[in-house]
Amino acid sequence: MTTAPQLPGWEHVYSGKVRDLYRPAAPHPAGDVVLVVASDRISAYDHVLPTLIPGKGEVLTRLSLWWFDQLADLVPGHVVSLDVPAAVAGRAMVCRRLEMFPVECVARGYLTGSGLVEYRENQAVCGVSLPAGLVEASRLPEPIFTPARKAELGEHDENVSFDVVAETLGAGRAAELRDLTLAIYARAAEVAARRGIIVADTKLEFGLGPDGRVVLGDEVLTPDSSRFWPADGYAPGHVQPSFDKQFVRDWLTSPEAGWDRTSPPPPLPRDVVERTADRYREAAERLVG
């Protein structure tokens, strides 16, 4: 993994698959905050790849900031300032430190990915029963809340039922997060549809602010946390083209890569890097302009 940069006034404390987290080296004017930096790293199949995608961190940050604004009347976001070191300008945010809930809050409006795998096993996803006869990319009768238990770095999140979330957080808090997740998804789907994009599903993270209010954290409605499909040409029954790292996934599972998913992943070819970067940029341009 690429080493997190040293930044004046900030101390590095943690690196995830894509983001680097810093704390202030001295008391910050905004109070208890962290600096969240979106790198150009890319992950697939629970591995961080050795190849960077140029401009990816800026796209993730630009989209997140835009979506925080679109959702501000539904839930407060954790961003407090864009006064960041010059070395990471455009891909970093000063954010309120939150007590994060140990749950990935996922909303699905379409059936694909791990949801499709689970549906084929028992005609349900995370305990939510669904009609028979659904196929890859089927639109669901209504969006559903399909939470996951957060995994350690390098591990895969585990889909769980709403009851498991209620046992972990309490019934009231679980219902609050479910309702917020579905409200955010509904807003996002409506906004994106006007721009020719289907939001198939999205993953959100929430935490408690110092005043005890639920706050939307992490990244929001980016190609890393959501499946964006072009609306023109949408047809259920097969995998849809998407504005994300599908080129990377496809290459890694191809004979050309020769990767067994247990050893460190190989470097990406230049054309895969360029096509992936183009897809991230196109998502931002379609949504934000």
**Request:** Start with the C-alpha distance between Phe243 and Tyr280, add both sets of side-chain angles, then the distance that settles side-chain contact (heavy atoms from CB on, under 4.5 Å), and finish with yes or no.
**Result:** CA-CA 6 Å; Phe243 296 102; Tyr280 275 80; over 6 Å; no
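- The minimum heavy-atom distance linking Thr202 with Ser226 is given by the pair OG1-OG, 2.7 Å.
- Hydrophobic clustering of Ile, Leu, Val, Met, Phe, Trp and Tyr side chains at less than 4.5 Å, counting indirect connections, keeps Val36 apart from Leu7.
- No donor-acceptor pair under 3.5 Å is formed between the side chain of Arg187 and the backbone N or O of Ala183.
- Using a 4.5 Å heavy-atom threshold, the side chains of Thr222 and Ser64 count as touching.
- A pairwise comparison of heavy atoms in Val80 and Ala30 identifies CG2-CB, 4.2 Å as the closest pair.
- Criterion: ILVMFWY side-chain heavy atoms under 4.5 Å apart, direct or through other members. Under it, Val33 and Leu216 are not part of a common hydrophobic cluster.
- Put simply, the side chain of Lys245 gets close to the backbone of Ser43: a donor and an acceptor are under 3.5 Å apart.
- A donor-acceptor contact under 3.5 angstrom links the side chains of Gln246 and Asp250, judged on distance only.
- The minimum heavy-atom distance linking Trp229 with Thr112 is given by the pair CZ2-CG2, 3.9 Å.
- For the residue pair Val37 and Ala92, the shortest heavy atom distance occurs at CG2-CB, 3.9 Å.
- Side chain of Ser39 to backbone of Arg41: a donor-acceptor contact under 3.5 angstrom is found.
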**Request:** Start with the C-alpha distance between Ser225 and Glu219, add both sets of side-chain angles, then the distance that settles side-chain contact (heavy atoms from CB on, under 4.5 Å), and finish with yes or no.
**Result:** CA-CA 7 Å; Ser225 64; Glu219 64 179 324; 4.0 Å; yes
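- Note on Glu282 versus Arg286: salt bridge recorded, some NZ/NE/NH1/NH2 to OD/OE distance being below 4.0 Å.
- Side-chain atoms of Arg23 never come within 3.5 Å of backbone atoms of Glu11 as a donor-acceptor pair (strictly under, hydrogens ignored).
- When all heavy atoms of Gly115 and Arg108 are compared, the pair lying nearest together is N-NH1, 3.6 Å.
- In the displayed structure, Glu176 atom CD is contacted under 6.0 Å by more than 12 heavy atoms of other residues, nucleotides or ligands.
- Judged by distance alone, the side chain of Tyr119 and the main-chain N or O of Pro131 form a donor-acceptor pair under 3.5 Å.
- No continuous path of hydrophobic side-chain contacts links Val128 to Phe162 [ILVMFWY only; heavy atoms under 4.5 Å].
- When each of Arg279, Arg275, Arg249 is tested with Asp244 by the rule salt bridge (charged side-chain N to carboxylate O under 4.0 Å, His left out), just one qualifies, namely Arg249.
- When side chains are defined from C-beta on, Leu287 does not count as touching Gln70, because their heavy atoms never get closer than 4.5 Å.
- Counting only N and O atoms by type, the side chains of Asp260 and Thr262 include a donor and acceptor under 3.5 Å apart.
- In this structure, the side chain of Tyr110 does not engage the main chain of Glu136 through any donor-acceptor pair within 3.5 Å.
- Residues Val75 and Tyr185 are members of one and the same hydrophobic cluster, defined by side-chain heavy-atom contacts under 4.5 angstrom among Ile, Leu, Val, Met, Phe, Trp and Tyr.
- Contact check on Asp46 versus Arg261 returns no salt bridge, with no Lys/Arg side-chain nitrogen under 4.0 Å from an Asp/Glu carboxylate oxygen.
- Distance check, rounded to the nearest 0.5 Å: OG of Ser129 to CG of Asn122 gives 8.0 Å.
- Inspection of the Thr61 and Arg91 side chains reveals no N or O donor paired with an N or O acceptor under 3.5 Å.
- Scanning all heavy atoms of the two residues, the minimum distance from Pro223 to Leu60 falls at CD-CD2, 4.2 Å.
- Distance check: Glu104 CD to Thr146 OG1 gives 11.0 Å after rounding to the nearest 0.5 Å.
- Residues Leu52 and Ile42 have side chains not in contact (no heavy-atom distance under 4.5 Å, counting atoms from C-beta outward).
- Taking CD of Glu205 as the start and CG of Leu177 as the end, the distance is 11.5 Å to the nearest 0.5 Å.
- By the 30° and 60° cut-offs, the orientation of the rings of His78 relative to Phe68 is tilted.
- Rounded to the nearest 0.5 angstrom, Leu130 CG and Glu142 CD are separated by 10.0 Å.
- Between His12 and Gln6, every side-chain heavy-atom pair lies at or beyond the 4.5 Å cut-off.
- Checked by atom type and distance alone, the side chain of Asp201 never pairs as donor or acceptor with a backbone atom of Ala107 at under 3.5 Å.
- In this structure the side chain of Trp251 reaches within 4.5 angstrom of the side chain of Pro269, judged on heavy atoms.
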**Request:** Run the numbers on Leu21 and Ser15 for side-chain contact (heavy atoms from CB on, under 4.5 Å), then give the verdict.
**Result:** CA-CA 6 Å; Leu21 196 67; Ser15 288; over 6 Å; no
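- With a 4.5 Å cut-off on side-chain heavy atoms, Asp83 and Val94 do not count as touching.
- Enclosure of atom CZ in Arg270 is not indicated, since only 12 or fewer non-hydrogen atoms of other residues, nucleotides or ligands lie within 6.0 angstrom.
- We find the CZ-CD1 distance between Arg227 and Ile197 to be 15.5 Å, quoted to the nearest 0.5 Å.
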**Request:** Carefully, step by step, assess Leu180 and Arg178 under the rule side-chain contact (heavy atoms from CB on, under 4.5 Å).
**Result:** CA-CA 6 Å; Leu180 267 177; Arg178 176 196 61 203; over 6 Å; no
**Request:** Walk me through it: do Asp32 and Arg97 pass the test salt bridge (charged side-chain N to carboxylate O under 4.0 Å, His left out)?
**Result:** CA-CA 6 Å; Asp32 193 10; Arg97 186 190 294 274; 2.9 Å; yes
**Message:** With salt bridge (charged side-chain N to carboxylate O under 4.0 Å, His left out) as the criterion, how do Lys203 and Asp218 come out once you've worked through the C-alpha distance, each side chain's angles and the decisive distance to 0.1 Å?
**Reply:** CA-CA 10 Å; Lys203 176 177 68 176; Asp218 197 55; over 6 Å; no
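- The backbone N or O of Leu111 sits nowhere less than 3.5 Å from a side-chain atom of Ser138 that would complete a donor-acceptor pair.
- Proximity of Val103 to Cys105: side-chain heavy atoms (C-beta onward) are separated by under 4.5 Å at one or more points.
- Although no hydrogens or angles enter the test, the distance criterion places a donor-acceptor pair under 3.5 Å between the side chain of Gln240 and the main chain of Ala235.
- Contact check for Phe101 versus Leu169: side-chain heavy atoms found under the 4.5 Å cut-off.
- Separation of atoms CG (Asp179) and CG (Leu74) is listed at 12.0 Å; rounding is to 0.5 Å.
- Remark: the backbone N or O of Leu221 is paired with a side-chain donor or acceptor of Trp67 at under 3.5 angstrom.
- A continuous path of ILVMFWY side-chain contacts below 4.5 Å connects Val164 to Leu204, so both sit in one hydrophobic cluster.
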